[in-house]
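So that the names make sense, note that chain A is the first sequence line, chain B the second, and so on, each numbered from 1.
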Protein chains: 2
Amino acid sequence: MQAPLAAPIPIRMPSATRVVTEELRQAIVRLEFPPGTRLSEGEIASRYNVSRQPVREALISLSRIGLVQVLPQRGTLVTRISTRHMKQVIIAREALETAVVARACERFDPMIRASIDSILETQARAAAEGDHLTITAADTQFHGALASGVDCDMIWQMVLDVKVHMDRVRHLTLQDRESMRVLVQQHRAIVAAIDARDPERADRAMRTHLVEILRDLPRVLAERSDYFE
Amino acid sequence: MQAPLAAPIPIRMPSATRVVTEELRQAIVRLEFPPGTRLSEGEIASRYNVSRQPVREALISLSRIGLVQVLPQRGTLVTRISTRHMKQVIIAREALETAVVARACERFDPMIRASIDSILETQARAAAEGDHLTITAADTQFHGALASGVDCDMIWQMVLDVKVHMDRVRHLTLQDRESMRVLVQQHRAIVAAIDARDPERADRAMRTHLVEILRDLPRVLAERSDYFE
DNA sequence: GCTCTTGATCTACCATACAAGTCCATACTA
DNA sequence: TAGTATGGACTTGTATGGTAGATCAAGAGC
């Protein structure tokens with residue numbers, strides 16, 4: 001056999017289910033499928049050129065997170081945003097992430113601590129340029145790094161699952177440069193408290209940060225009441 | 001039309017997927033499928049007399065909770081118990097349930113407050129008789145009622161998903177009557193703190209209760225190291 | 001003896017076909 | 001006109017066949 005053109009291909013082909021799940025998740029968060037939208041398994045299947053099965057399995061995963069609601073024999077629809085649900089999302093995320101920073105004040109992986117600095121630098125630069133996408137990505141990296149630093153990646157997965165609802169709301173609230181700047185500052189405050197090994201301050205900093213994120217929820221509710229239930 | 005024999009049948013036939021999911025979940029928690037067991041879609045399908053599809057969907061749900069691990073093209077196996085994972089389970093449950101009792105100290109649904117008394121009575125009676133099953137059921141009802149009382153059923157769902165791991169470990173630790181009695185007392189202490197509107201005491205009572213549950217983890221780890229990773 | 005190939009045999013994954021429940025517009029009836 | 005069947009066009013749920021990837025053991029070649 002002469003000169004195989006293709007490498008042994010050790011890369012793992014992502015399964016159709018995984019792809020569809022991720023695509024749908026992003027589409028819902030970005031409000032390309034607005035709350036209340038009817039999703040037909042067949043429709044989505046033909047849209048992504050796969051059979052109904054992977055779509056169906058993706059919808060099961062998304063329904064566990066609470067992004068869609070499957071009504072047996074009737075249909076599947078993108079869940080509307082409910083203030084009652086959002087309250088619990090905030091409570092849950094606050095509870096989990098304050099637990100993380102509390103542990104971070106006791107001991108924190110030094111390697112990850114170092115990487116956080118570069119994340120914050122990137123984010124600060126993006127804030128100065130008003131680069132919304134980079135800001136958001138860095139925000140996720142930051143919170144993820146906090147969890148990794150205390151060896152809590154399973155808790156981070158839980159946070160991700162509730163965070164997705166907050167992200168959907170954030171897509172409704174246009175972020176101005178000022179609030180971007182505030183975001184970075186709040187991140188710095190959290191890190192400072194951790195470095196100082198001050199649990200109370202870290203707790204307060206994290207709570208302040210998280211409520212800030214949904215400051216504009218009431219305004220959005222008034223403007224787009226059709227997205228809420 | 002004469003006397004229709006069958007009622008309009010408003011009851012919803014539980015789908016095969018739901019049934020299999022629940023059966024598997026219980027079987028894993030009860031260690032009928034011990035940690036490390038290989039689960040084949042086809043095998044389980046024939047065991048429950050359904051096709052592979054419902055089984056597959058059930059396994060997807062269980063893998064999201066972390067009870068099974070799906071290795072693409074290789075197999076599915078019941079996850080082993082890892083101390084690293086259990087640490088996070090405890091942290092997560094503590095974080096969520098202390099958040100619940102904190103809110104319960106502010107305001108708590110009076111109807112549900114009343115129902116808690118009867119739950120505790122049932123549990124106390126079961127403890128006296130050493131009725132393990134009733135104790136466990138009442139325990140779940142108690143914690144669930146706390147969440148409902150502050151309108152946090154979504155958080156309760158999250159608690160259930162992590163609690164399942166603790167339940168699996170508890171099936172390894174034989175419960176003596178003394179520890180049953182302690183359990184009921186701890187429940188009473190939590191309720192008393194809530195009634196007194198004392199957040200600090202409620203917080204401490206809940207944490208004490210939750211760490212108690214896994215007091216015997218180290219002993220079990222030594223005895224059944226094959227269940228751990 | 002050791003490495004590599006090959007093939008049998010597992011697995012999860014995906015596509016397709018069928019079944020069953022729900023909804024709705026239409027037509028029929030009183 | 002109001003009310004009630006009824007059939008069809010949806011929906012999700014289930015069953016089954018086939019495919020690709022992973023593993024492992026036996027055997028060929030060095």
Side-chain angles (χ1 to χ4, degrees), chain A residues 1-4 6-24 28 33 36-80, chain B residues 1-24 28 33 36-79:
Chain A
M1 181 196 300
Q2 322 99 309
I9 317 179
I11 48 173
R12 181 179 299 288
M13 181 62 180
S15 73
T17 300
R18 252 181 267 273
V19 172
V20 173
T21 305
E22 184 55 23
E23 293 276 346
L24 280 180
I28 292 174
F33 293 121
T37 306
R38 273 183 70 104
L39 298 179
S40 161
E41 290 179 358
E43 241 177 77
I44 302 172
S46 55
R47 168 193 283 243
Y48 289 106
N49 267 332
V50 294
S51 81
R52 271 184 50 214
Q53 222 51 51
V55 174
R56 187 174 162 71
E57 294 171 6
L59 289 178
I60 290 176
S61 291
L62 294 179
S63 75
R64 280 204 63 90
I65 303 178
L67 280 184
V68 305
Q69 190 174 7
V70 179
L71 308 175
Q73 325 291 15
R74 294 178 58 189
T76 303
L77 32 92
V78 179
T79 54
R80 292 181 191 276
Chain B
M1 181 195 299
Q2 322 100 309
L5 289 180
I9 315 178
I11 48 172
R12 180 176 300 288
M13 180 63 181
S15 73
T17 300
R18 253 182 268 271
V19 173
V20 173
T21 305
E22 184 55 23
E23 293 277 345
L24 279 179
I28 293 174
F33 293 121
T37 307
R38 275 183 69 104
L39 298 179
S40 161
E41 289 181 358
E43 241 177 75
I44 301 172
S46 54
R47 167 191 283 245
Y48 289 106
N49 266 333
V50 294
S51 78
R52 298 197 320 269
Q53 216 51 48
V55 175
R56 184 174 165 68
E57 295 175 3
L59 290 177
I60 290 177
S61 290
L62 294 179
S63 74
R64 280 205 63 90
I65 303 177
L67 280 182
V68 304
Q69 188 174 9
V70 179
L71 308 175
Q73 323 291 9
R74 293 177 56 189
T76 303
L77 33 91
V78 179
T79 54

Under the salt bridge (Lys or Arg N to Asp or Glu O under 4.0 Å) test, which residues partner A:Arg64, sequence neighbours left out?
B:Asp161

For B:Glu22, what residues pass the side-chain hydrogen bond (donor to acceptor under 3.5 Å, both in side chains) criterion, not counting sequence neighbours?
B:Arg25, B:Gln26

Give the table of side-chain donor-acceptor pairs shorter than 3.5 Å for residues 44-51 of chain B, with sequence neighbours excluded, one pair per line with atom names and distance.
unit_1, atom_1, unit_2, atom_2, d
B:Ser46, OG, B:Gly42, O, 3.4
B:Ser46, OG, B:Glu43, O, 2.8
B:Ser51, OG, B:Gln53, N, 3.4

Any heavy-atom pair between the side chains of B:Leu24 and B:Leu67 that's under 4.5 Å?
no

Sequence-aligned protein contact record of nucleotides 8-19 of chain D, with B where the base is within under 4.0 Å of a protein heavy atom and S where only the sugar-phosphate is
---BBBBBBBB-

Enumerate the residue pairs fulfilling salt bridge (Lys or Arg N to Asp or Glu O under 4.0 Å) with a member in residues 54-63 of chain A, sequence neighbours excluded, ordered by first and then second residue.
A:Glu41-A:Arg56, A:Arg56-B:Glu57, A:Glu57-B:Arg56

